[in-house]
Amino acid sequence: MSGTNLNGQHDQQWLKSIGINNSNPCWNLTASELAQETLRLNQGVLTDTKALAVDTGEFTGRSPKDKFIVLDDKTKDVIWWGDVNFQFDSKKFDALYNKVVNYLSGKKLYVRDSFACADKNYRLSIRVVTELPWSNLFANNLFIRPSKEELSSFNPEWTIINAPGFKAVASEDGTRQHNFTILNLTKKVILIGGSGYTGEIKKSIFTLLNYILPHEKGVLSMHCSANVGKTGDTAIFFGLSGTGKTTLSADPNRGLIGDDEHGWAEKTIFNFEGGCYAKCVNLSPEKEPEIYGAIKEGALLENVRFFPGTKKVNYDDISVTENTRVAYPINFINNAVEPSVGGIPKNIFFLTCDAFGVLPPISKLTTGQAMYNFISGYTAKVAGTEMGITEPTLTFSACFGKAFLPLHPTKYAELLGKKLNENKVNVWLVNTGWTGGAYGVGSRIKLSYTRALITAALNGELEKVQFETLPVFNLNFPTACPNVPAEILNPRNTWKDKDAYDAKANELAKSFVKNFQQYASAANVEILSAAPKLAVNA
Ligand code: ATP
Ligand code: MN
């Protein structure tokens, strides 16, 4: 199955040029060939819907502490170094790179040519070299698949080398432990080792685009999903992991642009990717029919388990991890928009999974509040996507994606501020988290209610109703919405113990204020005045 590199350069030669010798490369295999390879190697099984199911091994989530950027002239004064972007010595990189390519030499490898960025003005060409066939299927599903013609003239600018079986020796190699994801912006190489978690592949390119687009092209890069209505109105949904980007962007009445990573250029919103990576925990055809239906031949399921004696997936079984996932090409969703580009958004939703149960299910933000909340990026991290998180934990993650920002958060906030001032956009804060009490007492708001609130915001139905203001957070929330019980719209109403609510609200407000201190010097009066106001005596 060793195909030829269609641009005429011989496979082996190209691999040799990057230091991989005597390997047996399989170039641009189809999804079905990659599934066959995986089955042959006993690394996966087919489900009753013919999706390929694999286990990703030791890692079932990203490992943010093991993501590095090589320190050199290009990066030293630009990158926001600290606890998101860890430095990696450039000599150590070269040494580790050599070890990895030696490790891969002589092996059967899977090579894939793909693109990122649906807007051709910003397109990135990426060659992905993987040790394992299913990692390659992930790249096929998540990145943009070139046409035959595009493949024939494919010229790789960036290279991802993915070697889950290679384990670093921290003391020698300069890593923190045996796994690593290292971005070398000068050599245009991303080196991934020791982890088979496929999310490392997509999020390393996201990190890269969060550098290139704002820094070199003046384009805002965003951790958000996007969809478009029948009248061409685009909506984007920012949110941290587990807040609902993928779930809520899959809407039968709207075209899907993308579920996770987008750019906002002068006149367009464009997807960076060519596929989706959806959570599977508790997935049901009733609640999430679009995603459920996408789990078919060609899709890649990760870390799921079957009903005993069958090949039917039990989505409630999270014995391997809460972070069970499926990766599929975007066209597996019926109303996907391809190329995945839309116009300037009319509505922006900030999704937050508030485990405190304090924020309203939906509220409409002023521009100052929008900026304040964007910079704050409040949510509760829910179990799963990151290793070590097992119950909801209060998090402030700037721009709803701090873990992926190579530049200081104010860079992205400035770009968003400019966009909000130049365009008429409604900004909504949606709490997809707890209602009726904090985590442990209350419950997660019903998905059907969140969907109805978003639909009403998009249809303009919320423009016709009265709003009230929530004290402390000064959030303006609607008092009525079709298909949603009015009494849940004010979160305080849903708590039995009102004093407990007030205390929690103050506690959360204090956390907001404390967290914002680090950004206060870069914020204007309008943004600063959007801070929550602590209640007297609190
Ligand atoms: P990631 O960045 O990790 O991909 P995400 O923002 O795309 O995360 P989703 O995959 O959409 O997150 O996950 C949201 C999860 O929460 C889904 O499993 C969904 O079923 C569940 N959920 C439960 N209640 C709600 C709600 N009210 N709104 C949104 N999602 C909900
Ligand atoms: Mn998602």
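Every number for a ligand or one of its atoms is a count from 1 in the order of the listing. Just the heavy atoms: all of them, side chains too, but no hydrogens, waters or symmetry mates, feed the values below.
Counting only protein atoms, the N, O or S atoms lying less than 2.8 Å from the Mn ion (ligand 2) are Thr246 OG1, ordered by chain and residue number.
Every atom of ligand 1 is numbered from 1 in the order shown, and the set under 4.0 Å from a heavy atom of Thr243 is 6 (O), 12 (O). Listed by number with element, the atoms of ligand 1 under 4.0 angstrom from any heavy atom of Thr247 are 9 (P), 11 (O), 13 (O), 14 (C), 17 (C), 19 (C). Here is the list of ligand 1 atoms found below 4.0 Å of a heavy atom in Asp260: 2 (O). Below 4.0 Å from some heavy atom of Lys446 lie the following atoms of ligand 1, by number and element: 27 (N). If you number the atoms of ligand 1 from 1 as listed, the ones under 4.0 Å from a heavy atom of Glu288 come out as 19 (C), 20 (O). For ligand 1 and Ile445, the ligand atoms under 4.0 Å from any heavy atom of the residue are 24 (N), 26 (C), 27 (N).
Of the N or O atoms in Lys245, one or more lie within a sub-3.5 Å distance of an N or O in ligand 1. The shortest N or O to N or O distance between Gly244 and ligand 1 is below 3.5 Å. Residue Leu248 has no N or O atom closer than 3.5 Å to an N or O atom of ligand 1.
Under 4.0 angstrom from ligand 1, there are no non-hydrogen atoms of Leu283. Contact annotation for Lys287 and ligand 1: no heavy atom of the residue comes within less than 4.0 Å of the ligand. Both the backbone and the side chain of Leu447 come within contact range of ligand 1, each with a heavy atom under 4.0 Å. Under 4.0 Å from ligand 1, the heavy atoms of Arg325 that appear belong solely to its side chain.
Side chains of Asn515 and Gln518: a donor-acceptor N/O pair is present below 3.5 angstrom, by distance only. With 3.5 Å as the limit, one finds a donor-acceptor pair spanning the side chains of Asn323 and Tyr197. In summary, the side chains of Asn303 and Thr324 do not present any donor paired with an acceptor at a separation below 3.5 Å, with no hydrogens or angles considered.
Taking the six-membered ring where the residue is Trp, Phe59 and His178 present tilted rings, their angle falling between 30° and 60°.
For the pair Lys312 and Phe307, the NZ or CZ position fails the cation-pi test of under 6.0 Å to the six-membered ring centre and within 45 degrees of the ring normal.
In summary, of the residues considered (Phe350, Tyr519, Phe516, Tyr378), a ring-ring contact (aromatic ring centres under 6.0 Å, His included) with Tyr372 occurs for Phe516 alone. Put simply, the residue from Arg325, Lys279, Lys202 that forms a salt bridge (charged side-chain N to carboxylate O under 4.0 Å, His left out) with Asp260 is Lys202.
Look at Arg451 and you'll find every heavy atom at least 4.0 Å from all atoms of ligand 1. Ligand 1 has Leu240 within reach: a non-hydrogen atom of the residue lies less than 4.0 Å from it. Under a 4.0 Å heavy-atom criterion, Gly239 is not in contact with ligand 1.
Note: Tyr277 OH to Asn141 CG = 11.0 Å, rounded to the nearest 0.5 Å. Taking NZ of Lys245 as the start and CG of Leu351 as the end, the distance is 7.5 Å to the nearest 0.5 Å. Going from atom CD1 of Ile192 over to atom CD1 of Ile160 covers 5.5 Å, rounded to the nearest 0.5 Å.
Counting heavy atoms of neighbouring residues, nucleotides and ligands inside a 6.0 Å radius, atom CG of Asn459 exceeds 12 of them.
Of the candidates Arg62, Lys202, Lys279, Arg444, it is Lys279 that places a heavy atom closest to atom 13 (O) of ligand 1.
Aromatic rings from Phe512 and Phe396 are positioned such that their centres are separated by under 6.0 Å.
Taking the charged nitrogens against the carboxylate oxygens, Asp83 and Lys65 have no contact shorter than 4.0 Å, which rules out a salt bridge. A salt bridge links Asp55 and Arg305; the closest N-O separation between the charged side-chain nitrogens and carboxylate oxygens is under 4.0 Å.
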